[in-house]
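Data first, discussion second: the structure below is written as structure tokens.
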Amino acid sequence: QMQLVESGGGTVLAGDALRLACTGSDQTFGNIAIAWFRQAPGKEREFVAYIHWSGSGKIYHKSVEGRFTVSRDNYKNTAWLAMTDLAPADTAVYYCAVGFYISHHDQEGEYNFWGRGTQVTVSA
């Protein structure tokens with residue numbers, strides 16, 4: 001069973017940037033799709049970004065498009081979510097997830113393994 005560990009969260013001011021990392025425990029990480037989701041207090045978890053196993057296909061939620069960038073390095077078993085121009089509405093716990101067969105990239109049920117999350121807090 002793959003283990004995923006997110007890192008890079010923290011507390012920042014509006015307009016600042018952060019880069020989150022997601023590291024997988026084995027080489028299978030390089031052959032599967034990765035997504036980032038987030039869950040704000042009192043809200044359901046929502047899709048943020050998706051990246052194909054090859055790194056060539058990327059999809060973003062409209063609320064982060066142009067501000068967030070997803071990337072990966074399969075040799076390092078690591079994916080990143082670079083976030084810029086952060087706003088208080090981006091405050092949430094951010095999770096990475098991986099899935100073998102993804103038909104609907106924004107659906108939680110498509111993903112097989114999840115990390116425990118990293119907190120991002122953006123102050124006005």
Side-chain angles (χ1 to χ4, degrees):
Q1 182 168 346
M2 185 178 300
Q3 307 293 321
L4 300 173
V5 178
E6 301 95 338
S7 61
T11 300
V12 297
L13 296 175
D16 283 351
L18 277 176
R19 189 174 77 155
L20 307 182
C22 171
T23 302
S25 60
D26 63 66
Q27 294 299 320
T28 307
F29 188 89
N31 300 318
I32 54 179
I34 299 167
W36 289 91
F37 287 76
R38 66 185 180 185
Q39 187 167 23
K43 295 186 178 181
E44 294 186 352
R45 191 155 54 184
E46 66 174 4
F47 168 78
V48 176
Y50 162 93
I51 184 168
H52 188 262
W53 70 266
S54 67
S56 62
K58 302 178 183 180
I59 303 171
Y60 299 94
H61 188 276
K62 60 182 179 181
S63 67
V64 306
E65 200 155 20
R67 299 188 299 123
F68 290 14
T69 302
V70 61
S71 61
R72 65 189 297 164
D73 184 333
N74 291 339
Y75 293 103
K76 296 182 179 179
N77 288 352
T78 302
W80 296 272
L81 183 68
M83 307 183 294
T84 63
D85 194 21
L86 285 162
D90 296 314
T91 295
V93 177
Y94 284 72
Y95 300 88
C96 67
V98 298
F100 295 98
Y101 304 105
I102 304 299
S103 298
H104 302 90
H105 59 272
D106 59 346
Q107 299 299 308
E108 293 186 41
E110 298 270 325
Y111 295 90
N112 303 95
F113 301 110
W114 291 76
R116 300 181 72 173
T118 185
Q119 176 71 47
V120 172
T121 302
V122 185
S123 300

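Since the model is a prediction, treat every value here as computed from it, not as a measurement. Numbers for residues simply follow the sequence, beginning at 1.
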Restricting to non-hydrogen atoms, name the atom on [X] and the atom on [Y] that form the minimum distance, rounded to 0.1 Å.
X: Lys58; Y: Ile51; answer: CE-CD1, 3.9 Å
X: Arg67; Y: Ser63; answer: NH2-O, 3.0 Å
X: Ala33; Y: Ile102; answer: CB-CG1, 3.9 Å

**Asked** Side chains of Met2 and Ile32: does their closest heavy-atom pair fall under 4.5 Å?
**Response** yes
**Message:** Could you check whether any side-chain heavy atom of Asn31 comes within less than 4.5 Å of a side-chain heavy atom of Phe100, counting everything from C-beta outward?
**Reply:**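 No, their side chains stay 4.5 Å or more apart.
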**Phe68 and Tyr94 aromatic ring geometry - parallel, tilted or perpendicular at 30°/60° bounds** = tilted
**Request:** Report the distance from atom OH of Tyr101 to atom CD of Glu110, rounding to the nearest 0.5 Å.
**Result:**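 Those atoms lie 12.5 Å apart.
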**Complete:** dist His52:NE2 -> His105:NE2 (nearest 0.5 Å) comes out at 13.0 Å
**Request:** Please assess Gln119 against Thr91 for the test side chain to side chain contact (heavy atoms under 4.5 Å, CB included), listing each intermediate value before the final yes or no.
**Result:** CA-CA 8 Å; Gln119 176 71 47; Thr91 295; 4.0 Å; yes
**Request:** Would you check, one step at a time, whether the test side chain to side chain contact (heavy atoms under 4.5 Å, CB included) holds for Phe29 with Leu4?
**Result:** CA-CA 9 Å; Phe29 188 89; Leu4 300 173; 3.9 Å; yes
**Message:** Go through it in stages, so that I can follow the logic: the residues are Val64 and Met83, the test is side chain to side chain contact (heavy atoms under 4.5 Å, CB included), and I'd like the CA-CA distance, side-chain angles, deciding distance and then a yes or no.
**Reply:** CA-CA 8 Å; Val64 306; Met83 307 183 294; over 6 Å; no
**Message:** Between Trp80 and Trp114, is there shared hydrophobic-cluster membership here, with clusters defined by ILVMFWY side-chain heavy atoms closer than 4.5 Å?
**Reply:**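 As far as the 4.5 Å side-chain criterion goes, Trp114 and Trp80 are not connected within one cluster.
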**Message:** For Ala14, give me all partners under side chain to side chain contact (heavy atoms under 4.5 Å, CB included), at least two apart in sequence or on another chain.
**Reply:**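 By the side chain to side chain contact (heavy atoms under 4.5 Å, CB included) rule, Ala14 matches Pro88, Val122.
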**Asked** Donor-acceptor pair, Thr78 side chain versus Thr23 backbone, under 3.5 Å?
**Response** no
**Request:** Sequence neighbours left out, what pairs pass side chain to side chain donor-acceptor pair (under 3.5 Å) with at least one residue falling in residues 4-15?
**Result:**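 Not a single pair qualifies under side chain to side chain donor-acceptor pair (under 3.5 Å).
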**Request:** Let me see the working for Val70 and Tyr60 under side chain to side chain contact (heavy atoms under 4.5 Å, CB included), right down to the final yes or no.
**Result:** CA-CA 9 Å; Val70 61; Tyr60 299 94; 3.4 Å; yes
**Asked** Which residues pass the ring pair (Phe, Tyr, Trp, His ring centres under 6.0 Å) test with Tyr111, sequence neighbours left out?
**Response** Phe37
